[in-house]
**Student:** 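Could you have a look at this structure, given as structure tokens, before my questions?
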2 protein chains.
Amino acid sequence: MSQAAEKFPSPAEQTRAALVRAGLRLFGRKGFEGTSTREIAALAKANIGSIAYHFGGKEGLHLACADFIVETIRSIANPELAQAAAATGPNDAAERLKQSMERIVGFFVVSPDVGDFAQFVLRELSVPSPALDRLYTGVFEPTHRQLCTIWEQATGEPAESEVTKIRIFTLIGQVVYFRIAREAVFRRMGWTEIGPAQATLIASVASGNLSSILASRKGGKS
Amino acid sequence: MSQAAEKFPSPAEQTRAALVRAGLRLFGRKGFEGTSTREIAALAKANIGSIAYHFGGKEGLHLACADFIVETIRSIANPELAQAAAATGPNDAAERLKQSMERIVGFFVVSPDVGDFAQFVLRELSVPSPALDRLYTGVFEPTHRQLCTIWEQATGEPAESEVTKIRIFTLIGQVVYFRIAREAVFRRMGWTEIGPAQATLIASVASGNLSSILASRKGGKS
DNA sequence: GTCTATAAACAGATAGAC
DNA sequence: GTCTATCTGTTTATAGAC
């Protein structure tokens, strides 16, 4: 949209950024329809008219939030993607799978403001809107594809086969569920937050599952 | 609330039931705030005033929807709970775990109108409201507890330990994720629905994961 | 660019006829 | 019990002053 440069943000860009961050949080927590533009403007310390001015309306801001997520994740993930491209042995690949799991736990499950991203994405999944298209092609698809590729390197099973794609979904799901069912987890575990300590526990269990699944492929089957 | 008997529904009970089913669907799909009472009344072919009359207002209907889910699941699950109570050998327990997984796939993932239940529950999880309390104590907690118990029978690991509880969450998550990320699954798999054929596939992958995890406990570790 | 005032649509709740 | 009409508040979007 605007200039790519963000060296020193103009006051207008500051307003835009504040509105996006506020929208991200409120849309994620209360849904698109559950959030009023007045709330967003208040949280961003901007006036109500500014959202129509900068984004053309509530929906425009919603899309801008999705784009912000895609760009942020891209800028984080790109370096890692390059590293992952290098083909390696099965053991290295297995290790990279584990690391990916742990990163997903860190990103999706632990609470800080990155949690707003996760919440927003999950809500888009449950109420598909035009914003989901951008999230899917920008984040979901490439991530899933990459994991499928690493899986092939680790097990020899074809990356784009139906079972591999499903397998990767199960691996992601076992971890992401702790964000989704967060409230139920709190009550059942007696936790009041999911901080680093809890994340470590979750990651170790998920990692153990993954090891078991990989192990049965090496020694056991066929 | 009303008479427990439901032998032949009075016209009033029919209206109540229609409102609950409409509320269940719309609250699940569009959220509490995203759903207007006018929509609900229209879908239920009732008039707007009836929801205030029968439930005291929009929130009352929301709670009634949660209660309906709890009662329905109870009536289905109670017979199975009795069966599960009977202690058996590790192999039987492992088999029962697999069956539970498959039942969860059938319930949560496959599309028919039971899907409204799943959608409603998931939405409650992401936007906790008083209705979540009833769902948690009525459905979530007992189910998770039961699975933990079976896990102990299968592996000898204590049911109420921290890792066992987390382990069961990962097992549930890997399956439930197919409902949550349904839209992404569709696109990535090239599916247009999750019917019996797709559910079988998912269940077999999840079941395979479970087998691997159990196997590494029998032969491998410590 | 920012902010205020206002318009037009829509929300949930209610009163009262039937 | 059902249904209609209406009240009161809130929503998004916009027009125009600064």
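Numbers restart at 1 for each chain; the letters A, B, ... are given by sequence-line order, proteins then strands.
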**Student:** Could you check whether A/R74 pairs with A/D67 (Lys NZ or Arg NE/NH1/NH2 to Asp/Glu carboxylate O, under 4.0 Å)?
**Tutor:** no
**Student:** Please check if the side chain of A/T37 supplies one atom and the backbone of A/K58 the other of a donor-acceptor pair under 3.5 Å.
**Tutor:** no
**Student:** Return the value, rounded to whole Å, for the distance between atom CG of A/N47 and atom C1' of C/dA5.
**Tutor:** 12 Å
**Student:** Going by side chain to side chain donor-acceptor pair (under 3.5 Å), name the residues that satisfy it together with B/S129, two or more places apart in sequence or in a different chain.
**Tutor:** B/E124
**Student:** How would nucleotides 9-18 of chain C be written as a contact map, 5' to 3', with B for base contact, S for sugar-phosphate-only contact and - for no contact, using protein heavy atoms under 4.0 Å?
**Tutor:** --BBSB----
**Student:** Side chains of B/R188 and A/R145: closer than 4.5 Å at any heavy-atom pair?
**Tutor:** yes
**Student:** Let me have DNA chain C in dot-bracket notation, would you? Count Watson-Crick plus G-U wobble pairs, both distances under 3.5 Å, and use [ ] for pairs crossing earlier ones and | for inter-strand partners.
**Tutor:** ||||||||||.|||||||
**Student:** For A/T15 and C/dG1, is the shortest distance between a side-chain N/O and OP1 or OP2 below 4.0 Å?
**Tutor:** no
**Student:** Between A/I40 (CD1) and D/dA13 (P), how many Å, whole number?
**Tutor:** 10 Å
**Student:** Using whole Å, what does the distance between atom P of nucleotide C/dG1 and atom CG of A/L19 come to?
**Tutor:** 13 Å
**Student:** Using the salt bridge (Lys or Arg N to Asp or Glu O under 4.0 Å) criterion, which residues pair with B/E59? Sequence neighbours excluded.
**Tutor:** none
**Student:** Are the aromatic ring centres of B/H144 and B/F169 under 6.0 angstrom apart?
**Tutor:** yes
**Student:** Can you name the ring pair (Phe, Tyr, Trp, His ring centres under 6.0 Å) partners of A/Y136, sequence neighbours left out?
**Tutor:** none
**Student:** In chain order, what residues pass the side chain to side chain donor-acceptor pair (under 3.5 Å) check against B/E39, with sequence neighbours excluded?
**Tutor:** B/K30, B/S36
**Student:** Could you state the CZ-P distance from B/F55 to D/dT2, rounded to the nearest angstrom?
**Tutor:** 11 Å
